[in-house]
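Below is one structure, written out as structure tokens, with a few remarks after it.
Every value quoted in this text rests on a predicted model; they were computed, and no experiment measured them. Values below: every heavy atom of this structure, side chains too, minus hydrogens, waters and symmetry copies. Every chain is numbered from 1 and lettered A, B, ... according to where its sequence line falls, protein lines coming before strand lines.
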There are 2 protein chains.
Amino acid sequence: MDTTIPALPQSAPLYKEVKRHVMAALASGEWKPGAAIPAERRLSERYGTSIGTVRKAIDELCAENILIRQQGRGTFVASHNRDRMLFYFFHVVPADGPKAYPDVEFLAFTRGKADRVVAERLALEPGDAVVRFRNRLRLAGTPIMVDDITLAAARFAGLTERQLRTRPSTLYNLYQYSFGISVVRTRERLRAVAADGDIAALLDLAAGTPLLQIRRIACGYHDEPVEYRVSHVSTANHEYYAEIGT
Amino acid sequence: MDTTIPALPQSAPLYKEVKRHVMAALASGEWKPGAAIPAERRLSERYGTSIGTVRKAIDELCAENILIRQQGRGTFVASHNRDRMLFYFFHVVPADGPKAYPDVEFLAFTRGKADRVVAERLALEPGDAVVRFRNRLRLAGTPIMVDDITLAAARFAGLTERQLRTRPSTLYNLYQYSFGISVVRTRERLRAVAADGDIAALLDLAAGTPLLQIRRIACGYHDEPVEYRVSHVSTANHEYYAEIGT
DNA sequence: CCCAATTTGTTCGTATGTATA
DNA sequence: TTATACATACGAACAAATTGG
């Protein structure tokens with residue numbers, strides 16, 4: 001794993017240096033997801049700065065949802081549980097009614113090579129080995145979404161179909177706990193497309209029905225691409241929800 | 001205009017109180033968009049707190065893009081210029097090529113009454129007076145988007161078709177400078193829909209073409225709804241772009 | 001139930017650096 | 001050059017929440 005600390009300008013503020021060191025410790029796995037990192041006082045000793053400087057570094061990491069502070073308890077490495085998936089990375093909500101966890105059906109798994117597009121999205125060379133799989137998601141029993149996911153085989157060494165099929169929690173939880181890869185950022189591009197026969201069938205829709213297509217790149221601590229995902233959502237009774245400025 | 005300070009728990013931290021007071025001053029128009037607010041030192045005197053407490057309040061308002069700090073110059077009230085519109089509230093980007101300013105054509109203007117849906121979105125009573133207007137947006141000459149916008153007439157007293165037609169800058173700039181209403185937040189719900197004949201014609205598309213529909217509620221300082229907007233986007237060569245976790 | 005230790009949260013103050021006008 | 005304003009960094013004290021005895 002890449003645990004190097006990206007270069008900073010000579011005159012970078014101290015708290016930015018501290019932040020980089022903390023992120024390096026996270027990326028290296030020194031501090032595990034879900035666990036507490038050392039107390040602010042101990043970090044200030046470790047890095048030779050004042051507590052205020054450590055706090056400012058951690059403030060930024062909390063704002064990015066990479067760390068979570070809890071008064072009286074400590075500061076914890078954000079871990080990918082169902083709640084985080086639902087409230088942070090999953091933007092499909094019922095048009096009316098409360099947000100809910102989707103049920104996932106694992107549909108297909110193949111190994112292959114990256115074409116030009118996927119290579120560019122995942123920062124690979126064309127021809128590099130990838131794994132692909134497809135999930136169908138249901139809300140309240142109704143199929144609403146098909147996910148086609150591509151991973152770089154090299155970054156998920158030893159990944160098996162069985163792991164994907166029988167994972168106990170979310171996909172990002174599996175990446176994090178089984179492969180030490182934490183997704184902390186995503187970039188999504190949305191379009192309206194006509195459903196092809198394949199996906200229409202999986203969603204119980206007529207071919208040609210307008211679907212919301214989401215192309216997501218999920219990135220790790222150093223902004224390195226981790227996963228490429230194309231989702232097709234039936235928006236008859238569901239919507240993609242985005243808030244800006246909160 | 002509503003310049004009341006929302007209630008806070010008895011034991012609210014000082015910096016939160018300061019933040020509310022600053023927001024009240026903004027909402028009341030005491031500090032105008034684009035202008036500098038008083039220096040931190042002066043604010044600390046005004047509110048009887050330390051400078052650090054004022055900084056913490058302003059930190060939060062900067063994080064929410066309500067204020068903008070510039071070292072050596074001062075702290076400014078965010079104003080709605082074209083750049084802010086483009087980089088913060090406008091999420092439609094070319095599938096390839098750089099982001100650009102859309103050209104706006106004003107197409108239609110009507111006065112009417114709020115139906116149940118609009119009333120709920122704009123926090124009005126059904127039957128309250130509203131103004132509606134339609135814009136077509138082009139990028140590089142090609143029509144890509146139709147906006148249908150609804151405003152509460154009471155909140156935009158004296159608004160004329162001419163103002164909308166001849167506005168020199170963005171719509172949100174007009175709201176801000178002519179009506180003292182600042183949009184600081186939006187909530188958007190996205191769906192894929194089939195183009196109806198009306199909108200298809202405006203976008204040079206066949207009826208039934210899948211379009212991205214965006215239903216946006218724009219809100220002010222106290223989260224009060226200001227504008228309801230339904231956009232239909234042709235995503236043949238453009239996309240809706242969203243970043244999470246940055 | 002209370003107490004003590006630990007940890008983060010808030011508030012104050014001060015000094016110095018850096019950018020701007 | 002000087003004055004102003006924000007940015008960084010340090011330190012100290014106390015508050016509030018949590019945990020374990």
Starting at atom CD1 of A/Ile51, determine the distance to atom P of C/dT6, rounded to an integer number of angstrom. 14 Å
Any side-chain N or O of B/Arg41 less than 4.0 Å from the OP1 or OP2 oxygen of D/dA5? no
Should A/Thr75 be listed as having a side-chain N or O under 4.0 Å from OP1 or OP2 of C/dT7? no
Which nucleotide in the list C/dG13, D/dC10, C/dT7 gets nearest to the side chain of A/Ser50? D/dC10
For C/dC12, take OP1 and OP2 only and decide whether either is under 4.0 Å from a side-chain N or O of B/Thr53. yes
Atom CD of A/Gln71 and atom C1' of D/dC14 are separated, to the nearest Å, by 12 Å
Roughly how many Å is it from CG in A/Leu14 to P in D/dG11, rounded to a whole number? 11 Å
Length of the line joining B/Leu43:CG and D/dT4:C1', which is rounded to integer Å: 15 Å
Nearest-Å distance, OH (B/Tyr15) to P (C/dG9)? 9 Å
Which residues share a salt bridge (Lys or Arg N to Asp or Glu O under 4.0 Å) with B/Asp103, sequence neighbours left out: none
Report yes or no: do A/Glu188 and B/Tyr240 form a side-chain donor-acceptor pair below 3.5 Å? no
Are side-chain N/O atoms of B/Tyr241 and B/Glu243 paired as donor and acceptor at under 3.5 Å? yes
On the side chain of A/Gln70, is there an atom forming a donor-acceptor pair with the base of C/dG9 - under 3.5 Å, no angle test? no
Looking at C/dT8, I'd like to know if its phosphate oxygens (OP1 or OP2) sit under 4.0 Å from a side-chain N or O belonging to A/Arg73. no
Checking all strands, does A/Gly74 fall into the base, sugar-phosphate, or nothing category for heavy-atom contacts under 4.0 angstrom? sugar-phosphate
Return the value, rounded to whole Å, for the distance between atom CD of A/Glu40 and atom C1' of D/dG11. 14 Å
Spacing of B/Ile68 atom CD1 relative to D/dA5 atom C1', expressed in whole Å: 16 Å
Run the ring pair (Phe, Tyr, Trp, His ring centres under 6.0 Å) test on A/His80 and A/Tyr175 for me, step by step, so that the C-alpha distance in whole Å, both residues' side-chain angles and the decisive distance to 0.1 Å come before the verdict. CA-CA 9 Å; A/His80 280 286; A/Tyr175 299 169; 8.5 Å; no
Rounding to a whole Å, what distance do you find between B/Lys16:NZ and C/dG9:C1'? 12 Å
Do the side-chain N or O atoms of B/Lys56 get closer than 4.0 angstrom to the phosphate oxygens (OP1, OP2) of C/dT11? no
Determine, for A/Tyr101 and A/Arg82, whether the Lys NZ or Arg CZ falls below 6.0 Å from the six-membered ring centre while staying within 45 degrees of the axis. yes
